[in-house]
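Below: one structure, written as structure tokens.
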2 protein chains.
Amino acid sequence: MSKTLMKAMNFDQNKKIDSAYQNNCGDCELCTHTVNRRRVRVDSEEILAIENIIQSHTQAEKSQIIYKTGQPFTHLFTVHSGMFKSIHTNNKGEERIVEIFIPGQVMGFDGIRDGRYKTTVKAIHSGSYCIIPYQQLNELAFKHKAIQDRLLKMMSEKILQFEISHSEFNAKQKLVHFIQGVSELYYSRGFSAKQFPFPVSQRDLANHLGLAEETLSRTFAKLKKDDVLMLKDHQITIFDLDALDDILNT
Amino acid sequence: MSKTLMKAMNFDQNKKIDSAYQNNCGDCELCTHTVNRRRVRVDSEEILAIENIIQSHTQAEKSQIIYKTGQPFTHLFTVHSGMFKSIHTNNKGEERIVEIFIPGQVMGFDGIRDGRYKTTVKAIHSGSYCIIPYQQLNELAFKHKAIQDRLLKMMSEKILQFEISHSEFNAKQKLVHFIQGVSELYYSRGFSAKQFPFPVSQRDLANHLGLAEETLSRTFAKLKKDDVLMLKDHQITIFDLDALDDILNT
DNA sequence: CGGCTGTTTGATGAGTGTCAACGAATGTGG
DNA sequence: CCACATTCGTTGACACTCATCAAACAGCCG
């Protein structure tokens, strides 16, 4: 691992990468919901049954593929540490990064519909993830209402996110909206909303946001010049959280 | 109802509006899935239990609101005839048409996550819809695995649709992609893929696609000039289905 | 040190939003 | 059923954002 990335991950003498920006078991989307912008555990004994079927903390190297488009859908995955990306390939062969995942998030929902993954998921940098056999989860959901509800609510949440992100945005707003979303996610899990690791390359981010690499670079430059936020050494620093809202409401 | 709209709805001496482009009970997304581009009934006795909790065929006048942002989430709805639109209002107060629904589709999934609808749904023109009490459906899903699976698969399908629609498109491709989607939906339900009612105003469609009204108008004009498709009297006619793919793959 | 890969900067043009005006279609009230 | 008002769609001129192309620069790796 490079020095800058270590720094990005908040690596120092006291904190190891995996203990800093990681997700504790029981704190992922499966077992928590958002109350007042914070993730809190769902108050249900049954839901802990999930822990028994999860295979925890599998390591992934940079660019390692977790699952591929077309493969039989067998598992859901949660991010334990690091960041992952899901990629959709259209019939022109162009790749589009559909989602970028941080610790605690669940990956693989698009495979449920017909039993095949419809995207490819890769590790952005080295990280770790948990493996959830879907069939077992599905059976648990049929035994425990709380789990069934959690599953349905997670998917409903994802649908809502997509609905909202369809809004009209210019380049600056697209970027700010994305950063704000990640900031909220980190905050909801007890990390700083103003500073967090960001190992995503600008190429990937530009692709995800539907912008040219050059436009994204220029947009970052403007936001830094205006003292709104900064990307340095694979770490985002937000100087002015309120300014983010202002930009989105212009 | 206006004369042109009657025509659009295929209204003549022999066919009533409601019998032409309507959805038969048991043929909506809840009870069918897609096999070879066609909707077929899910082979399961239990799933018919849904019919017992559905309240069928409620009339809706043009612009009638089915549910509103912020209201407690109590029901899902399926379109029986006509078209409906879901609207999301951002914090600038701007309205964005998130989805446009045709007969057989289910509305209201975004309310599951926290018990409140997050969008507003309105009838585009007069139509009819069915009402499904969510709590009862939820309990049925807990009793019958087939129903639980159907629910999860429907939501997975919707997630996939959003993921894919995030692709990079120019104005022409946005329009063609949308029309192709509607065409597929009609086809999958046994109607013509080449000609179907289209009561959506260009203002609404432009809003939905994230285009200016003028750009949409010019795009329709180009597609007509190139003998690809035509919008007339609230009816879409596709001259060349293959051309749609060509446009999307350019 | 040299070769990648990722990022930045500048110049240019295509696509699309905006403004303005008009025409067509639809709805309303007398 | 007609006259008017209103909404909806079309067309042209123009401005602006952003993609594209080209090239240089910076960081990282062997």
Side-chain angles (χ1 to χ4, degrees), chain A residues 1-9 61-63 85 92 94 96-97 122 124-126 167-177 198-225 229-236 247 250, chain B residues 1-9 11 61-63 85 92 94 96-97 122 124-126 167-176 198-225 229-236 247 250:
Chain A
M1 178 173 292
S2 69
K3 271 183 229 159
T4 50
L5 192 59
M6 279 182 179
K7 203 170 150 195
M9 290 302 207
E61 295 310 307
K62 175 177 172 171
S63 298
K85 58 183 174 183
K92 288 181 253 180
E94 296 163 351
R96 172 88 189 218
I97 295 170
K122 279 185 190 179
I124 290 180
H125 273 94
S126 61
S167 295
E168 279 302 283
F169 282 140
N170 61 27
K172 194 198 269 190
Q173 291 172 324
K174 279 183 182 179
L175 174 54
V176 166
H177 178 252
F198 197 79
V200 187
S201 72
Q202 289 196 212
R203 174 162 305 167
D204 276 359
L205 184 55
N207 175 311
H208 176 57
L209 298 177
L211 296 173
E213 231 174 304
E214 297 90 330
T215 304
L216 181 63
S217 173
R218 283 183 251 260
T219 307
F220 265 124
K222 270 180 230 155
L223 288 170
K224 184 175 175 183
K225 184 170 147 285
L229 59 82
M230 184 181 76
L231 170 64
K232 197 162 190 289
D233 298 331
H234 298 285
Q235 175 152 330
I236 292 280
I247 290 168
T250 307
Chain B
M1 179 173 289
S2 70
K3 272 184 227 158
T4 50
L5 193 59
M6 281 182 177
K7 201 171 153 194
M9 291 301 208
F11 185 87
E61 295 309 308
K62 173 177 175 173
S63 298
K85 58 183 174 182
K92 286 181 253 178
E94 296 163 351
R96 173 87 188 218
I97 294 170
K122 280 186 190 177
I124 289 179
H125 273 94
S126 61
S167 295
E168 279 303 281
F169 282 140
N170 60 28
K172 194 197 271 190
Q173 290 173 325
K174 279 183 182 178
L175 174 55
V176 166
F198 197 78
V200 187
S201 72
Q202 289 196 213
R203 175 162 303 166
D204 277 0
L205 184 56
N207 175 310
H208 176 57
L209 298 176
L211 296 172
E213 228 176 307
E214 297 90 329
T215 305
L216 181 62
S217 173
R218 283 184 252 259
T219 307
F220 264 124
K222 270 180 229 152
L223 288 171
K224 184 175 173 183
K225 183 169 149 285
L229 59 83
M230 183 181 77
L231 170 63
K232 197 162 189 290
D233 299 331
H234 298 284
Q235 174 153 333
I236 292 280
I247 289 168
T250 306

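Quantities reported herein were computed from a predicted structural model and do not represent experimental measurements. Each chain gets a letter, A, B and so on, in the order the sequences are listed, and its residues count up from 1.
Following rounding to the nearest Å, Leu205(B) (CG) and dT10(D) (P) show an atom-to-atom distance of 12 Å. As a whole-Å value, the separation of Asn170(A) CG from dT18(C) C1' is 15 Å. Residue Leu175(A) contributes atom CG, which lies 14 Å from atom C1' of dC18(D) at whole-angstrom precision. In this structure, Leu209(B) atom CG and dG17(C) atom P are separated by 10 Å, rounded to whole Å. Remark: C1' of dG17(C) and CD of Glu94(B) are 14 Å apart, rounded to the nearest angstrom. Taking atom NZ on Lys172(A) and atom P on dC16(D), their separation rounds to 16 Å, with Å as the unit. Rounded to whole Å, atom P of dG9(D) lies 11 Å from atom CZ of Phe198(B). A straight line from NE2 of His234(B) to P of dA24(C) spans 16 Å, rounded to a whole angstrom.
Ala171(B) comes within 4.0 angstrom of sugar-phosphate atoms only, judged by non-hydrogen atoms across all strands, and of no base.
Contacts classified as salt bridge (Lys or Arg N to Asp or Glu O under 4.0 Å) and involving residues 206-221 of chain B (residues at least two apart or in different chains) are given here: Arg203(B)-Glu213(B).
Across every non-hydrogen atom of Arg96(B) and His208(B), the tightest pair is NH2-O, 3.0 Å. The heavy-atom pair separating Gln173(B) from Thr250(B) by the smallest distance is NE2-O, 3.2 Å. Smallest separation of non-hydrogen atoms from Thr219(B) and Thr215(B): OG1-O, 2.6 Å.
Of the candidates dT7(C), dG17(C), dG9(D), dT7(C) carries the atom nearest the Arg203(A) side chain, counting heavy atoms from C-beta on.
Side-chain contact between Gln202(B) and Leu231(B) is present, with at least one heavy-atom pair separated by less than 4.5 Å. The shortest distance between side-chain heavy atoms of Val200(A) and Ile97(A) does not fall below 4.5 Å.
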Encode nucleotides 8-14 of chain C as B, S and - characters from 5' to 3', where the letter depends on protein heavy atoms closer than 4.0 Å: B to the base, S only to sugar-phosphate, - to neither. SBBB---
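Between the side chain of Asp233(B) and the backbone N or O of Gln235(B), no donor-acceptor pair lies under 3.5 Å.
Between Gly210(B) and Lys62(B), the residue anchored closer to the 5' end of DNA chain C is Gly210(B), taking for each the nucleotide with the nearest heavy atom.
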